[in-house]
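Shown next, in C-alpha cells, is the structure this report addresses.
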Amino acid sequence: MLLLIAYSQAARQSLRNACRRHEDCVVRRFGRAALFAETEFAAFQAIRLRERHGRAIQVERTRPFNEFEA
C-alpha cells in the first residue's frame, strides 16, 4: 500500500480531490493522509501529486499490519 501525507494546504486540497475522483484506488482517508492500494494507477496518482507539490507530499510504501503473523 502507499501512504500519502500532505503538508501544505494546496497539497491537502489536491489529495482530497484525487481521493474523490479515484475512489477505486483509495483504501482509506485520514484527513491529511490517505492510504492508496498498491496498484500502478495509484502509484501514478502519487507521482502526479509529488510532481505537482514537491516536498509538500510525502509518499511511503507500507504493508498491512497482521498481529498474528510471526
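Side-chain atoms are counted along with the backbone in the values below, which use heavy atoms only and exclude waters and symmetry mates. Everything numeric in this text was worked out from a predicted model, so none of it was measured.
Counting non-hydrogen atoms of other residues, nucleotides and ligands closer than 6.0 Å to CZ of Phe41 gives a total above 12.
Taking CZ of Arg48 as the start and CD1 of Ile57 as the end, the distance is 12.0 Å to the nearest 0.5 Å.
Side chains of Ser8 and His53: no donor on one and acceptor on the other come within 3.5 Å. There is no side-chain donor-acceptor pair under 3.5 Å between Gln9 and Arg12.
The hydrophobic cluster around Met1 extends to Leu3, Ile5, Tyr7, Val27, Phe30, Leu35, counting ILVMFWY residues whose side-chain heavy atoms fall within less than 4.5 Å of a member.
Heavy atoms only, all atoms of each residue included: Arg50 and Gln58 are closest at NH1-CA, 4.0 Å. The nearest pair of heavy atoms linking Ala43 to Leu2 is CA-CD1, 3.7 Å. The nearest pair of heavy atoms linking Leu49 to Ser14 is CD2-CB, 3.6 Å. Closest of all the heavy-atom pairs between Ala42 and Ala37 is CB-O, 3.0 Å.
With sequence neighbours left out, the side-chain hydrogen bond (donor to acceptor under 3.5 Å, both in side chains) criterion links Arg61 to Glu38. A search for side-chain contact (heavy atoms from CB on, under 4.5 Å) contacts involving Arg63 returns Glu69, not counting sequence neighbours.
Put simply, Leu15 and Val59 are part of the same group of oily side chains (I, L, V, M, F, W, Y) that touch within less than 4.5 Å, one to the next.
Under the side chain to side chain contact (heavy atoms under 4.5 Å, CB included) test applied with Cys19, the options Gln45, Arg28, Arg29 reduce to a single match, Arg29.
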